[in-house]
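Since we're looking at a predicted model, the values are computed, not measured. Side chains are part of it too, since the values below use all heavy atoms of this structure and drop only hydrogens, waters and symmetry mates.
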Number of protein chains: 2
Amino acid sequence: MYFYGNFSTMTRSEENYLKAIFHLGGLEHKAVSTNAIADRMETKPSSVTDMAKKLSEKGLVAYTKYKGVSLSKKGSQTALSVIRKHRLWETFLVDKLDFMWDEVHEIAEQLEHIQSEKLIDRLDAFLGFPKQDPHGDPIPSKKGEIQKEYKKLLADVPVATEGICVGVKNSSAPFLRYMDKNSMALGDTIEVLEKEEFDGSLQIKIRNKQIRISNDIATNLFIRPNE
Amino acid sequence: MYFYGNFSTMTRSEENYLKAIFHLGGLEHKAVSTNAIADRMETKPSSVTDMAKKLSEKGLVAYTKYKGVSLSKKGSQTALSVIRKHRLWETFLVDKLDFMWDEVHEIAEQLEHIQSEKLIDRLDAFLGFPKQDPHGDPIPSKKGEIQKEYKKLLADVPVATEGICVGVKNSSAPFLRYMDKNSMALGDTIEVLEKEEFDGSLQIKIRNKQIRISNDIATNLFIRPNE
DNA sequence: AATTAAAATTAGACACGTCTAAAAATATAT
DNA sequence: ATATATTTTTAGACGTGTCTAATTTTAATT
């Protein structure tokens with residue numbers, strides 16, 4: 001039996017389920033299907049059903065047989081607290097320990113379950129109360145408030161925006177090959193120099209080279225604009 | 001049983017047992033009794049027996065029925081790695097997050113189980129490769145080498161030594177009351193001004209006040225001498 | 001509407017780590 | 001050396017979280 005703190009009855013597994021349900025159900029707490037959760041967590045639907053019952057008993061989700069689960073207020077607060085911890089730790093790893101932004105996820109998956117409110121408050125302060133993590137995702141406040149995404153599709157930012165390429169929407173092999181071929185990589189700084197109204201193509205600067213990318217590409221790349 | 005590279009991962013529970021066995025058996029890996037482990041871990045002897053078998057199967061301890069367990073080389077290396085992590089995290093909490101030295105243990109008990117060699121290497125570097133933790137206990141090297149205790153009994157340090165009071169040997173209520181009455185607290189800086197050969201009493205400076213303490217007191221207080 | 005396909009649930013099993021209660025081995029005392 | 005006390009182990013159980021295989025419910029198709 002594992003105790004992480006005196007007043008927390010949440011197990012690691014429960015926290016992971018809540019987090020998955022939050023990500024799938026969005027801020028509106030839409031109902032999420034059993035299979036969707038199983039896919040995301042790489043587990044079996046039967047395991048999800050078991051946990052759904054358990055979380056429902058604890059008042060963390062609303063669960064109706066065959067109708068999926070949706071987070072309660074209490075459930076989403078818990079999920080947000082875990083997400084907050086995850087993103088603060090990721091920020092710590094990148095800002096303080098010089099990790100690359102794309103190698104911190106696994107470690108943060110472990111760190112996010114450390115139970116100590118004081119620890120998280122201190123970490124938050126130590127990092128200068130960051131509002132977004134290295135992937136451009138917003139860090140929920142202590143109260144569970146969460147801002148809109150800081151990362152944007154490259155296609156959606158105005159001309160002259162500069163930022164870091166933090167993700168791809170469609171990580172298909174052909175697309176990744178395209179990026180490779182054009183020597184673009186996640187983590188690169190990108191500046192939008194010019195936008196062609198007609199076809200939505202962009203002139204960008206990346207690695208100090210100018211290249212032209214199509215709208216298709218631009219709608220597949222996430223950028224975290226610099227302040 | 002045949003393994004390809006002994007890639008068996010350690011569970012949290014196994015790590016905790018190894019750590020307890022290490023602390024009880026000392027650097028010489030003395031055999032440790034079932035009850036001693038149960039006491040230290042606040043568990044039942046029967047649970048310890050179960051785990052002893054398991055650890056023995058994995059080659060982490062030598063176990064003979066009714067004769068206790070002793071760490072193998074592999075087992076002590078694992079224990080030292082957990083202890084290293086524990087002490088590095090404690091150092092982080094105190095040095096970087098401004099925790100008091102006496103409030104970090106619980107949190108470090110959780111953090112010590114985070115699995116990522118790279119993380120610990122980076123943390124070590126970030127902290128400036130500390131050789132001792134906030135309690136004056138030595139931090140094992142990456143290879144598992146461990147130095148002698150840095151903390152010493154106040155009675156054993158030479159005159160003119162200055163350091164921080166990092167622990168008590170006997171934490172009985174009367175002794176703690178004594179400390180309180182003399183406005184001494186763990187964490188205080190202490191300087192040894194004078195030592196009386198005859199009765200071993202000391203003249204010390206603490207909180208900018210000079211007081212005289214008996215040898216009995218001095219053999220109950222741990223000090224971590226400054227470099 | 002009936003049939004087929006997909007999704008979700010149940011039933012039963014298992015590994016892990018723990019426990020209690022009873023039995024066995026070892027240590028202590030008379 | 002025998003009886004008693006202590007320590008340790010075994011046997012059997014439980015809760016958590018997972019799984020497979022079979023069943024039930026819902027969705028999609030003809």
Side-chain angles (χ1 to χ4, degrees), chain A residues 1-5 8-21 24-25 30-70 75 78-79 82 109-110 112-113 115, chain B residues 1 3 7-21 24-25 30-70 75 78-79 82 109-110 112-113 115:
Chain A
M1 215 182 318
Y2 299 96
F3 288 102
Y4 297 112
S8 178
T9 47
M10 207 71 14
T11 70
R12 187 166 297 238
S13 189
E14 286 169 341
E15 287 188 347
N16 283 332
Y17 273 95
L18 291 176
K19 199 167 51 122
I21 296 166
L24 292 166
K30 286 194 292 256
V32 178
S33 81
T34 302
N35 271 11
I37 298 168
D39 279 0
R40 190 183 169 97
M41 299 191 65
E42 296 185 294
T43 182
K44 301 296 172 191
S46 55
S47 307
V48 176
T49 300
D50 290 345
M51 185 56 83
K53 288 174 183 168
K54 196 176 164 193
L55 294 175
S56 176
E57 294 244 322
K58 289 198 175 188
L60 295 159
V61 303
Y63 169 57
T64 325
K65 270 194 197 178
Y66 298 102
K67 298 295 181 188
V69 293
S70 55
T78 306
V82 177
E109 287 284 301
Q110 300 178 60
E112 73 188 3
H113 300 292
Q115 304 276 312
Chain B
M1 257 208 265
F3 292 104
F7 254 111
S8 44
T9 307
M10 215 62 22
T11 70
R12 187 166 295 241
S13 191
E14 287 168 340
E15 288 188 347
N16 284 332
Y17 274 95
L18 291 177
K19 198 167 50 122
I21 296 166
L24 292 166
K30 285 194 294 255
V32 178
S33 81
T34 302
N35 270 12
I37 299 169
D39 279 359
R40 190 183 168 96
M41 300 191 63
E42 296 184 293
T43 182
K44 302 296 171 191
S46 55
S47 307
V48 176
T49 300
D50 290 345
M51 184 57 82
K53 289 176 184 167
K54 196 176 163 193
L55 294 175
S56 176
E57 294 242 322
K58 289 198 174 187
L60 295 158
V61 303
Y63 169 57
T64 323
K65 271 193 196 180
Y66 298 101
K67 299 295 181 190
V69 293
S70 56
T78 306
V82 177
E109 286 285 302
Q110 300 178 58
E112 72 189 4
H113 300 292
Q115 301 206 291

_Distance in angstrom units between A/Glu15 CD and D/dT16 P, rounded_ = 16 Å
*Mind checking side chain to side chain donor-acceptor pair (under 3.5 Å) for B/Lys67 and listing every partner two or more places apart, or none if nothing turns up?*
none
*asked:* Tell me the interatomic distance from B/Tyr66, atom OH, to C/dA24, atom P, rounded to whole angstroms.
replied: 9 Å
*Does NZ in B/Lys44 sit with more than 12 non-hydrogen atoms of other residues, nucleotides or ligands closer than 6.0 Å?*
no
*What integer distance in Å separates A/Met10:CE from D/dT16:C1'?*
14 Å
*Length of the NZ-C1' vector between A/Lys67 and C/dA7, whole Å*: 12 Å
*Checking side chain to side chain contact (heavy atoms under 4.5 Å, CB included) for the pair A/Leu24/A/Arg40: CA distance, chi angles, key distance, verdict?*
CA-CA 9 Å; A/Leu24 292 166; A/Arg40 190 183 169 97; 3.9 Å; yes
*What closest approach, in Å, do A/Tyr63 and A/Ser56 show between heavy atoms, and which atom pair accounts for it?*
CB-CB, 3.9 Å
*Can you tell me the distance, in whole Å, between the CZ atom of B/Arg12 and the C1' atom of D/dT16?*
15 Å
_Gap between atoms CG and C1', on A/Asp50 and D/dC19 respectively (whole Å)_ = 10 Å
*Find the distance A/Glu57:CD to D/dT16:P and express it as a whole number of Å.*
11 Å
*So which of residues 35-48 of chain A are in contact with DNA chain C, with a heavy-atom cut-off of under 4.0 Å?*
A/Asn35, A/Pro45, A/Ser46
*Under 3.5 Å, is there a donor-acceptor pair between the side chain of B/Gln110 and the main chain of A/Gln115?*
yes
*Compare side-chain N and O positions of B/Ser13 against OP1 and OP2 of C/dT18 and report whether any pair is under 4.0 Å apart.*
yes
*Could you check whether A/Lys53 gets within reach of a base, just the sugar-phosphate, or nothing at all, counting any heavy atom under 4.0 Å?*
sugar-phosphate
*Which pair of non-hydrogen atoms, one from A/Glu14 and one from A/Met10, has the smallest distance, and what is that distance?*
OE1-CA, 3.4 Å
*asked:* Filter on salt bridge (Lys or Arg N to Asp or Glu O under 4.0 Å), then keep only pairs touching residues 30-39 of chain A, sequence neighbours left out; what's left?
replied: A/Glu28-A/Lys30
*asked:* Is there a side-chain contact between B/Tyr17 and the phosphate of C/dT18, meaning an N or O under 4.0 Å from OP1 or OP2?
replied: yes
*Is any side-chain N or O of B/Lys65 closer than 4.0 Å to OP1 or OP2 of D/dT7?*
no
*asked:* Does C/dT9 have its OP1 or OP2 closer than 4.0 Å to a side-chain nitrogen or oxygen of A/Thr34?
replied: yes
